[in-house]
Peer 1: 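Okay, handing you the structure first.
FYI, side chains are in, hydrogens and waters are out, and symmetry mates aren't considered; it's all heavy atoms of this structure. Just follow the structure's listing: the first ligand is 1, and inside any ligand the first atom is 1. Here the structure is a predicted model, which means the values were calculated and not measured.
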Amino acid sequence: MNIQPDPAGKHVEHQHTDKGYVPVYTTAVVEQPWDAYTAVDHNVWAQLFERQRKLLVGRASDAFLVAQDAMGMTPDAIPRFDELNNILQKATGWTIVGVEGLLPELTFFEHLANRRFPVTWWIRRPEQLDYLAEPDLFHDLFGHVPLLMNPMFADYMAAYGRGGVKAHGIGPEALVNLTRLYWYTVEFGLIRQADGLRIYGSGIVSSKGESIHCLESSAPNRIGFDLERIMRTRYRIDTYQKTYFVIDSFEQLMQATAPDFAPIYARLATQSSYPAGTVLDTDTVYHRGSGEGWSQDGDV
Ligand code: PHE
Ligand code: FE
């Protein structure tokens, strides 16, 4: 693996800053500059960690909470990737690698296919506790990494990476379909537990507002997982989701996504997309959102 140490001075320059609304696509894997984190950075981690853990008891899936405990993350300090990797590699063969931010699609898929999860090394500023426009360390580490301890989910993420490499070779429409699957499972998925709906999506668990909204608001739809339906459904990147898709188990997710997607992409290429808030007659509806019929402006 190509680990490029940060050039001198870069830590200071990027210290708890986000890069605004324009994603910077750098491909390099970087060493986590742990000593460069300031007291403010550690404090942002501590505040977010404590706030979310309190909120997530009874809201996040047992699988997520168990996995996060098993990783030994604490609010005391920003975790060291090396220490988490000792645990993670033994559990499922996954490795966290540090990155500056979003990666080009193919690079990202190749990391996943090889069981490497890219984690943004910098953390948001104190005034960004509730929202920022791009993934930071809290979203990536607190949101994504715990479930990589779960053997079934760990396999799903690697399979997704291989599927991404394949879709990239097929073309941009295939990638749109596959990205919607990632969005509605890995980022914003809900799971049906014996005691009710629970969160497993990273975009939700790392957000205070959406952790409450996705389960307790009457506005969004909550609909049973359906692969092709999801691949046809547009989504929101700037507001809470209008629709959440609910899986029964990670086994269901693995099985539903195991078939070759190539014929599915070919079929979907001739079909239109659904607006983010649509409910279909064929849907398994757990909750029909009161916001149904929302304007489609802003659906991507
Ligand atoms: N079965 C998918 C394909 O053939 C690969 C995949 C698996 C994609 C799991 C996403 C999740 O492309
Ligand atoms: Fe994410």
Side-chain angles (χ1 to χ4, degrees), residues 18 23 48 52 64 94 96-97 99-103 105-124 131-148 150-189 199-207 210-211 214 225-231 235-238 240-241 245 247 249-269 300:
D18 71 85
L48 287 169
Q52 286 310 107
F64 178 88
W94 276 80
I96 303 166
V97 295
V99 291
E100 290 289 344
L102 293 173
L103 298 172
E105 275 168 327
L106 186 56
T107 310
F108 178 65
F109 295 142
E110 282 168 344
H111 278 303
L112 297 186
N114 290 289
R115 294 190 177 245
R116 291 189 300 264
F117 194 83
V119 173
T120 306
W121 69 263
W122 54 267
I123 194 160
R124 68 193 71 185
Y131 183 78
L132 79 171
E134 61 185 323
D136 73 331
L137 179 132
F138 186 74
H139 169 75
D140 287 340
L141 200 58
F142 184 97
H144 282 284
V145 170
L147 274 180
L148 297 174
N150 179 291
M152 184 78 57
F153 194 84
D155 286 350
Y156 174 69
M157 289 293 280
Y160 184 90
R162 293 192 296 275
V165 173
K166 193 169 101 184
H168 189 269
I170 294 175
E173 292 96 348
L175 273 185
V176 168
N177 294 143
L178 190 69
T179 300
R180 289 171 179 164
L181 175 64
Y182 190 89
W183 195 261
Y184 281 121
T185 59
V186 177
E187 293 289 352
F188 292 97
I199 305 160
Y200 72 92
S202 334
I204 309 177
V205 295
S206 59
S207 159
E210 195 144 9
S211 293
C214 71
F225 177 91
D226 174 337
L227 179 67
E228 290 192 36
R229 153 61 154 124
I230 287 175
M231 285 185 167
Y235 56 88
R236 304 294 300 196
I237 56 168
D238 57 342
Y240 298 149
Q241 299 309 305
F245 288 95
I247 60 171
S249 62
F250 294 140
E251 286 81 356
Q252 178 204 20
L253 186 58
M254 275 306 277
Q255 277 175 17
T257 53
D260 182 6
F261 285 1
I264 303 178
Y265 296 141
R267 184 162 60 242
L268 294 184
V300 297

Peer 1: Can you tell me if T185 and Y156 form a side-chain donor-acceptor pair at under 3.5 Å?
Peer 2: yes
Peer 1: Can you list the ligand 1 atoms lying under 4.0 Å from a non-hydrogen atom of L181?
Peer 2: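 Counting from 1, the qualifying ligand atoms are 10 (C).
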Peer 1: Could you check atom 5 (C) of ligand 1 against the protein and tell me its nearest heavy-atom contact, residue, atom and distance included?
Peer 2: G163 CA, 3.7 Å
Peer 1: Would you find a donor on one side and an acceptor on the other, under 3.5 Å apart, between the side chain of D136 and the backbone of H139?
Peer 2: yes
Peer 1: Once you restrict to heavy atoms under 4.0 Å, what part of P259 touches ligand 1? Side chain, backbone, both or neither.
Peer 2: backbone
Peer 1: Is there a polar contact, in the sense of an N or O pair closer than 3.5 Å, between Y265 and ligand 1?
Peer 2: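 Y265 vs ligand 1: no N/O contact under 3.5 Å.
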Peer 1: Between Y235 and W183, what is the ring plane arrangement, given parallel below 30°, perpendicular above 60°, and tilted in between?
Peer 2: parallel
Peer 1: Between H144 and F117, is the ring centroid distance below 6.0 Å?
Peer 2: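 Ring-ring flag for H144/F117: true, centres closer than 6.0 Å.
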Peer 1: Parallel under 30°, tilted from 30 to 60°, perpendicular over 60°: which one fits the rings of F142 and F64?
Peer 2: tilted
Peer 1: To check your reading of the model: name the closest protein heavy atom to atom 4 (O) of ligand 1, its residue, and the distance in Å.
Peer 2: K166 NZ, 2.5 Å
Peer 1: Is a donor on one side and an acceptor on the other found under 3.5 Å between the side chain of D140 and the backbone of T120?
Peer 2: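 Here the side-chain-to-backbone pair exists.
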Peer 1: Determine whether the side chain, the backbone, both or neither of A262 has a heavy atom under 4.0 Å from any heavy atom of ligand 1.
Peer 2: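 Looking at A262 and ligand 1, no heavy atom falls under 4.0 Å.
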Peer 1: With a cut-off of 4.0 Å, which atoms of ligand 1 are near a heavy atom of D260?
Peer 2: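 Ligand 1 atoms under the 4.0 Å threshold to D260: 4 (O).
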Peer 1: If the Fe ion (ligand 2) is the vertex, what is the angle to OE2 of E187 and NE2 of H144, rounded to 10 degrees?
Peer 2: 100°
Peer 1: Ring centres under 6.0 Å, that's the criterion: do F250 and Y200 meet it?
Peer 2: yes
Peer 1: Contact between Y182 and E187 at the side-chain level, heavy atoms closer than 4.5 Å - yes or no?
Peer 2: yes
Peer 1: Tell me the protein heavy atom at minimum distance from atom 11 (C) of ligand 1, and give that distance in Å.
Peer 2: Y156 CE1, 3.6 Å
Peer 1: Among all protein heavy atoms, pick out the one at the shortest distance from atom 10 (C) of ligand 1; state its residue, atom name and that distance to 0.1 Å.
Peer 2: Y160 CD1, 3.5 Å
Peer 1: Write the atom name of the N, O or S atom in H139 that is nearest the Fe ion (ligand 2).
Peer 2: NE2
Peer 1: Tell me which protein heavy atom sits closest to atom 8 (C) of ligand 1, plus the residue, atom name and distance to 0.1 Å.
Peer 2: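 Among all protein heavy atoms, the one nearest atom 8 (C) of ligand 1 is F261 CE2, 3.3 Å.
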Peer 1: Using a strict 4.0 Å cut-off to heavy atoms of A258, name the atoms of ligand 1 that fall inside it.
Peer 2: 1 (N)
Peer 1: Starting from atom 7 (C) of ligand 1, find the nearest protein heavy-atom neighbour and note its residue, name and distance.
Peer 2: T257 O, 3.3 Å
Peer 1: Test your reading of the model: is there a side-chain donor-acceptor pair from Y131 to the backbone of D238, 3.5 Å cut-off?
Peer 2: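 Side chain of Y131 to backbone of D238: no pair is present.
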